[in-house]
Amino acid sequence: MIHSVALRLSLFYLAIIMALSIGFSLVIYRVSADELGKVVQPPKDIVTMVDEPWRSNFVAARLAQSEMSRNNLRGNLIFLNIGTLLLGAIGSYALARRTLQPIEEAFEAQGRFTADASHELRTPLTAMQTSIEVGLRNPNLTLKNSKELLQGTLEEVGKLSRLSNGLLKLTRNAQDMPKKPVSLPDIAKETILQLELAASQKKITLTNTVPKLTVWGDDISLKEVLVILVDNAIKYSGAHTTVTISGRQQGKLAFIMVQDQGQGIKASDTVHIFDRFYRADSSRSRDRSEGYGLGLSIAKKIAEAHGGNIEVKSTPGEGSTFTVKLPLA
Ligand code: ADP
């Protein structure tokens, strides 16, 4: 598909190049032919000094010479245009491929995204379909069974709605969000308030030592970044550990860190965890946390839309530190 578009685009480029080349050649030919026509007559100062046969010979010789020059010029211009056509065809195709490369990449990424999303959507849908079918086929379905079935279905619907929310956030254009000064200690405090219950259920202590720093951005999405990081820190840490949100300033950047004492991430996984749908050790992650591997890619997208970035340092068995760098207000 992209190949045929590249061919069409290169033909379009080639048509423009050839139109210009042929146009210039015609102009050059016309101007040169006019100039050659002018020198057919002998110069005015010697016309009076020579007789008629000499003048006719002169004109005939000049006419023949000018015809030869015109033929030469025509040949050269045709040769030049054939060269332009060949080189232009190669150049146009290379240029078309280059122009289409980012589109091709975006196209492939879109395809991968759709395939991944459909795959993730299929799992809860299949689970729901199977349990409903089994329930309907059961002639002795009791009220208790029905309630269990509904409960299971409700859980799957919850997963689907989390997934669709994640997908929506991922496709939303964070660049368009209205930006204003955002206080980092304030959003850290709100994040802790939101996740306190989840942390206390796992006997995890949340600590906030973020100094007074203000960045330029959208408070809701920046808080979302912190919620994703702290939520992960809680999900992937054992009981009686501490999750710390801290911060510092370096030059024109604010650094905000989320550190846990959890299971850590293998070096081979750290390069992929910001990819959509990536879950390190997927079976374990799926069972324990039911994540879709979208959180970190959403966090990364938001950080980048604010002119910042996000990175991780982790030691398996000891814990991880995620650092978000954002431009100061
Ligand atoms: P998920 O919904 O699976 O948590 P994320 O994109 O947030 O998706 O994270 C991707 C993967 O990175 C997780 O599945 C997990 O394996 C790993 N990960 C993220 N945060 C941590 C952490 N604090 N400690 C250990 N592993 C983590």
Side-chain angles (χ1 to χ4, degrees), residues 102 106 109-110 113 117 161-199 206-236 242-260 265 270-278 291-314 319-329:
Q110 183 77 36
F113 180 71
S161 114
R162 275 202 300 280
L163 176 59
S164 67
N165 277 341
L167 290 174
L168 268 180
K169 281 177 194 161
L170 210 55
T171 46
R172 202 171 50 197
N173 194 355
Q175 233 109 29
D176 295 342
M177 289 165 190
K179 300 206 170 66
K180 58 179 189 201
V182 179
S183 151
L184 287 185
D186 285 358
I187 55 167
K189 206 159 82 186
E190 286 168 29
T191 304
I192 288 192
L193 269 177
Q194 185 172 328
L195 295 170
E196 230 165 20
L197 184 66
L206 297 182
T207 319
N208 173 11
T209 63
V210 179
K212 250 180 165 288
L213 289 173
T214 308
V215 294
W216 186 251
D218 172 56
D219 52 346
I220 296 174
S221 23
L222 288 178
K223 188 187 133 197
E224 197 170 336
V225 173
L226 281 189
V227 169
I228 289 168
L229 297 180
V230 177
D231 184 46
N232 275 350
I234 298 170
K235 274 197 295 192
Y236 302 109
T242 302
V243 173
T244 310
I245 315 179
S246 57
R248 68 187 158 86
Q249 179 179 348
Q250 192 174 311
K252 287 183 172 161
L253 290 177
F255 284 44
I256 184 153
M257 281 79 69
V258 175
Q259 185 176 18
D260 65 53
I265 306 158
T270 50
V271 281
H272 299 294
I273 54 169
F274 295 100
D275 295 346
R276 285 184 310 225
F277 298 110
Y278 188 85
Y292 280 100
L294 289 179
L296 289 179
S297 46
I298 295 170
K300 185 175 175 224
K301 193 176 166 193
I302 295 174
E304 285 175 355
H306 282 79
N309 65 19
I310 176 165
E311 35 189 65
V312 61
K313 281 208 168 67
S314 185
S320 316
T321 304
F322 284 83
T323 305
V324 187
K325 294 178 196 168
L326 296 167
L328 284 165

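All residue numbers refer to positions in the sequence shown, counting from 1.
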*With rounding to the nearest 0.5 Å, note down the distance linking OG1 in T191 to CG in N208.*
8.5 Å

*Below 4.5 Å, heavy atoms only, C-beta onward: do L296 and F322 meet side chain to side chain?*
yes

_Close side-chain approach of V258 to T244, heavy-atom, < 4.5 Å_ = no

*Show the numbers, then the answer: is there a side chain to side chain contact (heavy atoms under 4.5 Å, CB included) between L163 and L294?*
CA-CA 8 Å; L163 176 59; L294 289 179; 3.9 Å; yes

*Which atom of P327 lies closest to which atom of G308, heavy atoms considered*: CD-N, 4.2 Å

_Distance check, rounded to the nearest 0.5 Å: S320 atom OG versus Y236 atom OH?_
10.5 Å

*Kindly indicate whether the side chain of T214, heavy atoms from C-beta on, has any atom under 4.5 Å from the side chain of L184.*
no

*What is the distance from atom CD1 of I302 to atom CD1 of I228, rounded to the nearest 0.5 Å?*
5.5 Å

*asked:* According to salt bridge (Lys or Arg N to Asp or Glu O under 4.0 Å), does anything in residues 214-223 pair up with another residue at least two apart or in another chain? List the pairs.
replied: K180-D219

_Is there a side-chain contact between S221 and H306 in this structure, where contact means two heavy atoms from C-beta onward sitting under 4.5 Å apart?_
yes

*Begin from the C-alpha positions of I273 and I265 and carry the test side chain to side chain contact (heavy atoms under 4.5 Å, CB included) through to its verdict.*
CA-CA 9 Å; I273 54 169; I265 306 158; 3.8 Å; yes

*Grab the two heavy atoms, one from A188 and one from V210, that are nearest each other, plus how far apart they are.*
CB-CG2, 3.8 Å

*Are any of the side-chain heavy atoms of W216 and L328 separated by less than 4.5 Å?*
no

*Might you point out which heavy atoms bring G247 and P211 nearest each other, and give the distance in Å?*
O-CD, 3.3 Å

*Check whether any side-chain heavy atom of R276 sits under 4.5 Å from a side-chain heavy atom of F113, and report yes or no.*
yes

_If you define the side chain from C-beta out and look only at heavy atoms, does anything of I256 sit under 4.5 Å from T323?_
no

*Compare every heavy atom of V182 with every heavy atom of G217, then report the nearest pair and how far apart it is.*
O-CG2, 3.3 Å

*Measuring from I234:CD1 to L197:CG, what's the distance to the nearest 0.5 Å?*
9.5 Å

*asked:* Assess the residue pair Q259 and V243 against the criterion (side chain to side chain contact (heavy atoms under 4.5 Å, CB included)); give the C-alpha distance rounded to whole Å, side-chain angles, the decisive distance to 0.1 Å, and a yes or no.
replied: CA-CA 6 Å; Q259 185 176 18; V243 173; over 6 Å; no

*asked:* For K325, give me all partners under salt bridge (Lys or Arg N to Asp or Glu O under 4.0 Å), at least two apart in sequence or on another chain.
replied: E311

*asked:* Can you tell me how far apart CG (D231) and CD (E224) are? Round to the nearest 0.5 Å.
replied: 11.5 Å

*Is it true that a side-chain atom of S314 and a backbone atom of G319 form a donor plus acceptor pair closer than 3.5 Å?*
yes

*Distance, nearest 0.5 Å, that separates CD1 of I220 from CD1 of I187*: 11.5 Å

*Is K301 reaching over with its side chain to a backbone N or O of L170, donor-acceptor style, under 3.5 angstrom?*
yes

*List the atom of V324, the atom of A303, and the distance in Å for their closest heavy-atom pair.*
CG1-CB, 4.2 Å

_Check whether S183 reaches the backbone of D186 with its side chain - one donor and one acceptor, N or O, closer than 3.5 Å._
yes

*Mind checking salt bridge (Lys or Arg N to Asp or Glu O under 4.0 Å) for E190 and listing every partner two or more places apart, or none if nothing turns up?*
none

*Evaluate the criterion side chain to side chain contact (heavy atoms under 4.5 Å, CB included) for residue pair V215 and L222; output intermediate values, then yes/no.*
CA-CA 10 Å; V215 294; L222 288 178; 3.7 Å; yes

_Any side-chain to backbone donor/acceptor pair from Q194 onto E196? Under 3.5 Å, distance only._
no

_Taking the side chain as everything from C-beta on, heavy atoms only, tell me whether M257 gets closer than 4.5 Å to I245._
no

*Provide the closest heavy-atom pair for P185 versus K212 in the form atom of the first, atom of the second, distance.*
CG-CA, 3.9 Å

